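Letters go in sequence order (proteins before strands), and every chain restarts at 1. Predicted model only: the values in this text are computed from it and were never measured.
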Amino acid sequence: MHNSNISTPLLASPPTSSSPSVISLLKISKTPRDLRQLHALAIKTGLFRDPLIAAEVLRSSVLFKHRDLRYGRSVFDQMPEPNCFSWNTLIRAYAESDDSPFEALVLFSRMLLCENTQPNQFTFPSALKACALVEAIEAGKQIHGHVIKLGWGGDAFVLTNLVRMYAFCGFMEDAQKLVEKSSLFPDNEASIVLHNILIDGYFRLGMVEHARKVFDRMENKSVVSWNGMISKYAQIGYLKEAISVFRQMQLEGVKHNYVTLVSVLPAIARLGALELGEWVHAYAEKNNIEVDDVLGSALVDMYSKCGNIDKAVQVFEKLPKHNPITWSSVIGGLAMHGRANEAIDYFRRMEKDGVTPTDVVFIGVLNACSHAGLVAEGRSYLDRMVKLYGLSPRIEHYGCLVDMLGRAGLLEEAEELLLNMPVKPDHVIYKALLASCKRHGNAKIGMHIANRLMEQVSDDGDSYVLLSNLFASLGDWGNVAKVRLLMKKLDVRKDPGCSWITVNGKIHEFVVEDYSHPQSKEIYLMLEEMTDKLQEAGYVPDTTQVLLNIDEEKKEMALFYHSEKIAIAFGLISTSPGTTLHVVKNLRICGDCHSSTKLISKIYGRKIIVRDRSRFHHFDNGVCSCNEYW
DNA sequence: TTAGGGTTAG
């Protein structure tokens with residue numbers, strides 16, 4: 001068929017036969033069709049035999065706007081004698097591809113066999129990148145040999161990729177040696193990059209101390225080095241370290257930039273350090289750092305995880321644009337705070353705005369339903385996710401649903417779902433159901449689940465504790481003792497419960513019966529006062545929450561020293577009257593702490609916001625925002 | 001043509 005009816009503006013004026021104009025046409029070709037037409041034309045006119053033009057066709061097809069590797073490969077295979085540039089282009093394209101980096105190595109070895117071409121400083125980085133991705137250390141070492149033989153060992157790009165190759169393959173000594181050698185000729189820029197890559201490698205291998213040592217020994221650090229430490233620490237949950245590097249950076253006079261803020265905010269969020277989070281937000285505004293959708297989603301998440309959901313919503317509304325992640329942040333935030341209906345409203349607004357929800361957005365929506373007892377809604381949203389959006393539920397989605405059914409007391413259904421879902425249950429989901437069984441006193445299902453949990457978990461202390469708590473709540477002290485003995489034998493420990501509160505920008509952390517705080521004496525006096533006032537207000541300790549076989553008086557004492565109570569006592573003595581207290585706890589709040597905190601909020605006229613492992617509780621004037629549904 | 005970034009069930 002003649003193609004005059006599909007002529008594009010690009011081809012309206014046919015190219016002349018001179019190479020430069022074809023090359024410039026290729027460079028501005030926008031659609032795959034433009035490219036294919038130019039390609040066909042080049043072949044028809046014989047211009048494709050010009051290696052420069054052929055190379056440009058290839059480059060246009062695999063890099064930048066087109067990124068069609070299969071098409072690029074066919075272009076390459078048509079070349080009678082690809083030049084070095086073309087080899088490099090295709091090797092790079094494969095090395096950067098998600099599914100076939102290994103093909104880059106195959107091509108590299110084919111290139112070595114060609115008589116007229118030799119790898120150069122542009123070939124090695126891609127080939128080494130491919131080795132790093134597929135952890136091909138032997139190939140990597142051989143390529144290193146070629147690098148030396150051909151004299152590219154001093155090239156900054158080649159060197160960085162060599163170091164990264166060794167680091168990704170876990171050969172840290174080789175990586176370290178290369179970096180040290182490069183430090184002898186301190187061309188700062190390049191040396192800093194090499195050190196950053198080395199640090200990244202140590203983090204990837206979980207060798208955190210080594211990473212820190214390299215960082216501390218760096219004479220010159222760039223802002224990227226600082227940001228890298230902050231983000232890596234935050235990613236592996238070393239939250240305080242992340243924040244301490246952030247502060248040290250400031251002390252040493254290195255200015256925070258956009259990436260610094262985006263990197264440190266998740267750590268602040270998880271710690272619940274509201275004051276610091278507010279400082280970061282103010283810093284962005286004062287320094288004209290644009291709060292775009294990326295920084296915005298980090299801020300929205302920070303405000304909601306730090307207890308200020310209204311501010312989170314406010315920041316969200318002011319963002320210049322929204323994407324699935326900003327929506328996830330605000331929906332997940334509302335869910336955490338138990339504001340299910342608003343979470344659902346936001347979800348509807350998102351759909352109305354034409355944004356396609358991701359599976360993460362649905363985790364937020366389902367979590368909202370779970371924490372508000374909206375069972376029918378939860379089911380229908382899972383259905384919507386599968387049928388309308390074609391998303392496959394992950395274990396997290398089933399986790400929300402099992403939790404939702406369990407909290408609502410629909411334990412048989414929860415168990416049925418857990419046993420029949422198409423993904424393998426993990427210890428998280430078993431524990432969620434086990435916690436519901438304990439709460440609703442269902443020993444039968446609890447035992448089923450416990451048995452299955454024990455089959456697959458051997459070193460998760462929390463699972464054993466949950467099981468022992470289930471027995472304890474049923475008064476089955478014999479089995480409690482058995483589980484505890486087993487824990488001792490297997491040497492598994494549970495996460496110690498701890499709570500923390502930020503006062504004047506400093507985080508104060510407490511564990512159960514904690515006497516280590518410098519103001520410990522005042523804190524315990526306050527705890528005594530609190531207990532007296534609670535008793536005056538008619539509070540009776542709920543000793544069923546103490547899951548040890550000890551006498552009642554001791555049980556009361558054990559409750560009295562729960563870490564969240566200590567944190568609240570400290571908050572009360574170290575802030576002025578009326579100040580809202582923000583407490584974060586790493587486990588779920590216990591029933592006794594929940595009911596006494598309600599009273600404390602009334603007695604002392606304080607709003608107390610507690611974030612526990614699963615959600616927020618806003619205590620105010622004797623009531624909690626969770627409506628006892630947690 | 002090399003280094004750093006946001007959301008995710010309990």
### Task
Give a yes/no answer on whether the side chain of A:Lys305 brings an N or O atom under 4.0 Å of OP1 or OP2 in B:dT8.
yes

### Task
Name the nucleic acid region contacted by A:Ile331, choosing base, sugar-phosphate or nothing; use a 4.0 angstrom heavy-atom cut-off, strictly under.
nothing

### Task
Tell me, yes or no, whether the heavy-atom count around A:Glu219 atom CD, taken from other residues, nucleotides or ligands under 6.0 Å, exceeds 12.
no

### Message
Mind checking if A:Thr326 touches a base, just sugar-phosphate, or nothing, with heavy atoms under 4.0 Å?
### Response
base

### Message
Could you check whether any side-chain N or O of A:Asn323 sits under 3.5 Å from a backbone N or O of A:Ile325, counting only pairs where one atom can act as donor and the other as acceptor?
### Response
yes

### Message
Is it the case that B:dG4 (base atoms only) and A:Asn196 (side chain only) share a donor and an acceptor within less than 3.5 Å, ignoring hydrogens and angles?
### Response
no

### Message
At less than 4.0 Å, is any side-chain N or O atom of A:Lys221 found next to OP1 or OP2 of B:dA3? Yes or no.
### Response
no

### Message
Regarding A:Asp200, tell me which of base, sugar-phosphate or nothing describes its non-hydrogen contacts under 4.0 Å with the strands shown.
### Response
nothing

### Query
When all nucleic acid strands are considered with a 4.0 Å heavy-atom cut-off, which category describes A:Asp426: base, sugar-phosphate, or nothing?
base

### Query
Hey, does A:Gln235 reach any base, or is it just sugar-phosphate, or nothing, if we go heavy atoms under 4.0 Å?
sugar-phosphate

### Task
Remember a base hit wins even if backbone is also touched, and classify A:Lys129 as base, sugar-phosphate or nothing at under 4.0 Å, heavy atoms.
nothing

### Query
How are the rings of A:His146 and A:Phe108 set to each other: parallel, tilted or perpendicular (split at 30° and 60°)?
perpendicular

#### Entry: Phosphate-side-chain proximity, A:Arg407 and B:dG10, N/O vs OP1/OP2 below 4.0 Å
yes

### Message
Would the base of B:dT1 count as contacting A:Arg92 through its side chain, where contact means a donor and an acceptor less than 3.5 Å apart?
### Response
no

### Message
Can you identify which nucleotide, out of B:dA3, B:dG6, B:dG10, has its nearest atom closest to the A:Arg613 side chain?
### Response
B:dG10

### Query
What's the CG-P distance between A:Leu198 and B:dG4, to the nearest Å?
13 Å

### Min side-chain heavy-atom separation A:Leu319-A:Leu299 under 4.5 Å
no

### Task
Indicate whether OP1 or OP2 belonging to B:dA9 is found under 4.0 Å from a side-chain N or O atom of A:His371.
no

#### Entry: Proximal nucleotide (of B:dA3, B:dG6, B:dT7) relative to the A:Ser222 side chain
B:dA3

### Query
Between the base of B:dG6 and the side chain of A:Ser297, is there any donor-acceptor pair under 3.5 Å?
yes

### Query
Where do A:Phe362 and A:Phe347 land on the ring pair (Phe, Tyr, Trp, His ring centres under 6.0 Å) test, with the steps shown first?
CA-CA 9 Å; A:Phe362 276 101; A:Phe347 178 76; 5.1 Å; yes

### Query
Does A:Asn323 make a side-chain N or O approach to OP1 or OP2 of B:dT7 shorter than 4.0 Å?
no

### Query
Just wondering, more than 12 heavy atoms not from A:Tyr398 lying within 6.0 Å of its OH?
yes

### Integer-rounded Å distance: B:dG6 P and A:Glu290 CD
18 Å

#### Entry: A:Pro266, nearest nucleotide to its side chain (from B:dA3, B:dG5, B:dT7)
B:dT7

### Query
Roughly, in whole Å, what's the span from CG in A:Asn227 to P in B:dG6?
11 Å

## Note on the structure
Atom CE of A:Met404 and atom P of B:dG10 are separated, to the nearest Å, by 12 Å

### Task
Answer yes or no: side-chain N or O of A:Ser329 and base N or O of B:dT7 forming a donor-acceptor pair under 3.5 Å.
no

### Query
Rounded to the nearest Å, what distance is computed from the CZ atom of residue A:Arg588 to the P atom of nucleotide B:dA9?
13 Å

### Spacing of A:Ile230 atom CD1 relative to B:dA3 atom C1', expressed in whole Å
15 Å

### Task
May I ask you to verify if any side-chain N or O of A:Ser263 is less than 4.0 angstrom from the OP1 or OP2 atom of B:dG4?
no

### Task
Rounded off to whole Å, could you give me the CD-to-C1' distance for the A:Glu189 and B:dT1 pair?
15 Å

## Note on the structure
Checking B:dG4, B:dT2, B:dG6 against the side chain of A:Thr160 (C-beta onward), the nearest is B:dT2

### Message
Please give me the minimum heavy-atom distance between A:Leu198 and A:Gln176, naming the atom from each residue.
### Response
CD1-N, 3.8 Å

### Message
Need one value for A:Asn367: base, sugar-phosphate or nothing, where a base atom within 4.0 Å counts as base even if backbone is also close, heavy atoms only.
### Response
sugar-phosphate

### Query
With respect to the side chain of A:Val193, which nucleotide from B:dG4, B:dT2, B:dG6 is positioned closest?
B:dT2

### Sugar-phosphate, base or nothing in reach of A:Asp359, heavy atoms under 4.0 Å
nothing

### Task
Kindly say if A:Arg164 contacts the phosphate of B:dT2, meaning a side-chain N or O under 4.0 Å from OP1 or OP2.
no

### Query
If you look at every strand shown and take non-hydrogen atoms under 4.0 Å, does A:Tyr258 touch a base, only sugar-phosphate, or nothing?
base

### Summary
In whole angstroms, the gap separating P of B:dA3 from CG of A:Leu178 amounts to 17 Å

